[in-house]
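In what follows, a structure is listed as structure tokens, so that the remarks can point back to it.
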Amino acid sequence: MTEKDEQYYKLEKQHKEELETQKRFYESELSLLKSKFEYEKSKLKIEYENNELKLRQELEEYFGSKNYKDMQNIKDYYESEIKSQRDWYEVEIERRKKETETWHINNLEVKTAELIKNYEEMLQAQKDKFDVEMQVLTEQIIEQNRYYEEQLKPYKRIINFRKKVEKKFNLEKKSQEVLIENNIETEEQNFSSDPKVSVILPVYNVGKYLRQALDSLINQTLKDIEIICVNDGSTDDSYEILEEYKEKDSRIKVIHKENKGTGAARNDGLRLATGECIGFVDPDDWVKPNMFERLYSLIKEKDLDIAMCMPDGYDEKNGVNAPFPYFVDANFENIIDDRIFNWRDLSPFSYPMCVWNKLYTKKLFDEHNIEFAEGLDFEDHKVIFGTLLTAQKMFFIREKLYVYRFNREGSVLTDNNRRLIDHIEIFNIVENLMKETNTFNVLRNDFLTYKIHNILYYYSMIKEEFKSEYEKCMIKSINDMNLSFEEAKMLCEKYPELKSYI
């Protein structure tokens, strides 16, 4: 039984119950009226008997003064009057009885007709209501189907692409079988199962730039690499591009997963990496052809934990090669050239921070359980400082081997939206890393300066609609620092606007 049928059944049952109740009510009324009728009848009878007795008394009194003939005439007259009155009472009683019964019968029919009419009107109202609700529901289902169709579009493209790949694979397999049957040898590139470098590429809706990034990797002068691409739930054509390049180059490994953020994607890549060294590339950037060969050679030659280079820049908005303001040459002036160094020689907070201009040894991650923060933007800070604070041997070259694309629509630093608030939480993670590596007390002033500079900078950048929320988080973070008088004075001299918040 459908919900609609069940509603009709309930209404019909309710109507029957109301009719039965009304019927019982009118039957009781009829019974009451009959009792009243009997009562009135008895009253009339008594009245009639009293009148008759009165007449007889009057006759007797009258007889005493009249002769017999007069008395007989009078008696006959009264007898006829009594009979006439009796007949009238009987007729009147019968008339009232019929009138009462007819009224109640008619009234019952009227009430029944009214109930039936009300019931039918109620049913019609319910039907109209159900029809309206059904129409609304139908429209919602149509809209929902339209929404799901839109959501399924990228997956339909994926399915179609897979079919194309399978078809191509079957054709290639068939061609290979023909070659084998005819004893024709084929060339194959043999790459090590333990490559020299694992490059991790997190991918999310960057189909517009992805081919350039992949081309720059497969054309590296260092051939013994693996390229781990983690598709973090992309809904554009990133899936198809990754599958296309995977078929083109066996060094490319592709993981498709639901969207969990860049930090989680890079961690997935780290867990799968088998290379001796680890490099990171953002999918909207690209690298120079010799980047990984150059950095890998330095690591092997000098027995390094980290080799790093200068970044180059590309302004996407204006379409020109230009350094990103944060990565200009002047900001790298403090960094040590031509000799091995670590955090004791140079504070990690004294030069620009990024994860992708470096090549790391994998053992650095394994020995110190270093990984990216998950669920936050600026997730790379956990790896940047986790590695810089634990690496014993680092080396820097001023060759610009990595190209950083900036002013790109959709990036965190371009949108300036609520995600900038994550930057404040990241500093708590960095502070904990410093305490775990016993570097906090030594680097405290550098850390405080770096933190205040950045949170004030991003406060000036964030959109107006998010400023109030950012400010609350910023003030709490500053208060949690428990600044000494000397520290507060030093920071306020560098950043006068800080006085408003401490």
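What you see below is based on every heavy atom in this structure, not just the backbone, and it leaves out hydrogens, waters and symmetry mates. For this chain, numbers begin at 1 and follow the sequence in order.
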Query - Residue pair Leu359 / Met291, side-chain heavy-atom distance below 4.5 Å - result: no

Query raised in the report: Going from CG on Asp303 to CD1 on Ile340, what distance comes out if it is rounded to the nearest 0.5 angstrom?
Result: 7.5 Å

Query raised in the report: With side chains defined as the heavy atoms from C-beta onward, is the minimum distance between Glu247 and Ile252 less than 4.5 Å?
Result: no

Query raised in the report: From Thr390 OG1 over to Glu436 CD, what is the distance, rounded to the nearest 0.5 angstrom?
Result: 11.0 Å

Query - Side chain proximity check, Phe395 to Leu304, heavy atoms < 4.5 angstrom - result: yes

Report task. Could you walk me through whether Lys300 and Glu276 pass the side chain to side chain contact (heavy atoms under 4.5 Å, CB included) test, one step at a time? Result -> CA-CA 10 Å; Lys300 299 302 291 182; Glu276 182 183 353; 2.6 Å; yes

Report task. Please assess Asn231 against Ile255 for the test side chain to side chain contact (heavy atoms under 4.5 Å, CB included), listing each intermediate value before the final yes or no. Result -> CA-CA 6 Å; Asn231 179 21; Ile255 307 165; over 6 Å; no

Requested in this report: Show your reasoning for whether side chain to side chain donor-acceptor pair (under 3.5 Å) applies to Tyr402 and Asp285.
Outcome: CA-CA 8 Å; Tyr402 188 98; Asp285 301 336; 2.7 Å; yes

Requested in this report: Could you walk me through whether Arg266 and Glu379 pass salt bridge (charged side-chain N to carboxylate O under 4.0 Å, His left out), step by step?
Outcome: CA-CA 10 Å; Arg266 282 172 166 164; Glu379 77 294 328; 2.8 Å; yes

Query raised in the report: Should Ile475 and Asn479 count as side-chain neighbours, where that means a heavy-atom distance under 4.5 Å?
Result: yes

Report task. Report yes or no: is the cationic atom of Lys358 (NZ for Lys, CZ for Arg) under 6.0 Å from the centre of the six-membered ring of Phe280, at an angle within 45° of the ring normal? Result -> no

Requested in this report: Look at the side chain of Asp232 and the backbone N and O of Tyr204, then say whether any donor-acceptor pair between them is shorter than 3.5 Å.
Outcome: no

Report task. Please step through ring pair (Phe, Tyr, Trp, His ring centres under 6.0 Å) for the pair Tyr458 and Phe378, ending with a clear verdict. Result -> CA-CA 12 Å; Tyr458 286 119; Phe378 306 96; 5.5 Å; yes

Query raised in the report: Is the backbone of Ile225 close enough, under 3.5 Å, to the side chain of Arg251 for a donor and an acceptor to pair up by distance?
Result: no

Query raised in the report: Please walk me through it: do Glu243 and Lys246 pass salt bridge (charged side-chain N to carboxylate O under 4.0 Å, His left out)?
Result: CA-CA 5 Å; Glu243 290 295 317; Lys246 184 177 74 173; 3.3 Å; yes

Query raised in the report: Are any side-chain N or O atoms of Tyr470 and backbone N or O atoms of Ile455, one a donor and one an acceptor, separated by less than 3.5 Å?
Result: yes

Requested in this report: Kindly say whether Ser234 contributes a backbone atom to a donor-acceptor pair with the side chain of Ser238 at under 3.5 angstrom?
Outcome: no

Query raised in the report: Which heavy atom of Ile336 sits nearest a heavy atom of Leu346, and at what distance?
Result: N-CD2, 4.0 Å

Query - Distance flag, aromatic centroids of Phe365 and Tyr360, threshold under 6.0 Å - result: yes

Query raised in the report: In Å and rounded to the nearest 0.5 Å, what is the CD to CG distance from Glu316 to Asp284?
Result: 8.5 Å

**Report entry** NZ (Lys260) with more than 12 external heavy atoms under 6.0 Å
**Finding:** no

Query raised in the report: Is it true that the NZ or CZ of Lys248 lies under 6.0 Å from the centre of Tyr245's six-membered ring and within 45 degrees of the ring axis?
Result: yes

**Report entry** Stepwise side chain to side chain contact (heavy atoms under 4.5 Å, CB included) test for Leu483 and Leu448
**Finding:** CA-CA 9 Å; Leu483 298 173; Leu448 295 178; 3.8 Å; yes

Query - Leu217 side chain near Ile227 side chain, heavy-atom distance below 4.5 Å - result: yes

Query raised in the report: Can a cation-pi geometry be assigned to Lys435 and Phe440, taking NZ or CZ under 6.0 Å from the six-membered ring centre and within 45° of the ring axis?
Result: yes

Query raised in the report: For the side chain of Ser198 and the backbone of Ala273, is there at least one donor-acceptor N/O pair under 3.5 Å apart?
Result: no

Query raised in the report: More than 12 heavy atoms of other residues, nucleotides or ligands under 6.0 Å from NZ of Lys257: is that the case?
Result: yes

Query - Backbone of Cys473 reached by a side-chain donor or acceptor of Ser477 within 3.5 Å - result: no

Report task. Examine Tyr351 together with Phe396 and report whether their ring centres are nearer than 6.0 Å. Result -> no

**Report entry** For the student: nearest non-hydrogen atoms of Glu471 and Tyr459, plus distance
**Finding:** OE2-OH, 3.6 Å

Query raised in the report: Just wondering, do Leu388 and Ile306 contact through their side chains at under 4.5 Å, heavy atoms?
Result: yes

Requested in this report: Considering only NZ, NE, NH1 and NH2 on the basic side and carboxylate oxygens on the acidic side, decide whether Arg211 and Asp237 come within less than 4.0 Å.
Outcome: no

Query raised in the report: Is the distance between the ring centroids of Phe385 and Phe447 under 6.0 Å?
Result: no

Query raised in the report: So, does Asn357 use its side chain to make a donor-acceptor pair with the main chain of Cys309 at under 3.5 Å?
Result: yes

Query raised in the report: What pair of heavy atoms forms the shortest contact from Cys492 to Lys499, and how long is it?
Result: SG-CG, 3.7 Å

Query raised in the report: With a 4.5 Å heavy-atom cut-off, do Val230 and Val203 have their side chains touching?
Result: no

Query raised in the report: Is a side-chain N or O of Ser216 found less than 3.5 angstrom from the main chain of Ala213, in a donor-acceptor match?
Result: yes

**Report entry** Side-chain donor/acceptor of Glu374 to backbone N/O of Gly261, under 3.5 Å
**Finding:** no

**Report entry** Evaluation steps, side chain to side chain contact (heavy atoms under 4.5 Å, CB included), between Ile421 and Ile462
**Finding:** CA-CA 9 Å; Ile421 299 175; Ile462 197 167; 4.1 Å; yes

Report summary line: Closest non-hydrogen atoms of Asp446 and Ser347, given as atom of the first, atom of the second and distance, are OD2-OG, 3.1 Å

**Report entry** Ring centers of Trp286, Tyr209 separated by less than 6.0 Å
**Finding:** no

**Report entry** Criterion salt bridge (charged side-chain N to carboxylate O under 4.0 Å, His left out) on Asp312 and Lys288, from CA distance to verdict
**Finding:** CA-CA 10 Å; Asp312 205 352; Lys288 303 291 180 65; 3.8 Å; yes

Query raised in the report: For Ile478 and Leu498, which heavy atoms make the closest approach, and how far apart are they?
Result: CD1-CD1, 3.6 Å

Query raised in the report: Above 12 or not: heavy atoms from other molecules or residues under 6.0 Å from CD of Glu464?
Result: no

Query raised in the report: Quick one: does Asn441's side chain get under 4.5 Å of Arg444's, heavy atoms only?
Result: no

Query raised in the report: Donor-acceptor pair, Asn432 side chain versus Asn428 backbone, under 3.5 Å?
Result: yes

**Report entry** From CZ (Arg339) to CG (Asp345), nearest 0.5 Å
**Finding:** 5.5 Å

Query raised in the report: Is the closest basic N to carboxylate O distance between Asp268 and Arg271 below 4.0 Å?
Result: yes

Report task. Any chance you could measure Ile426, atom CD1, to Asn454, atom CG, to the nearest 0.5 Å? Result -> 12.0 Å

Requested in this report: Describe, in one word, how the ring planes of Tyr450 and His381 are oriented to each other, choosing from parallel (under 30°), tilted (30 to 60°) and perpendicular (over 60°).
Outcome: tilted

Query raised in the report: Parallel, tilted or perpendicular for Tyr404 and Trp356, by the 30°/60° rule?
Result: parallel

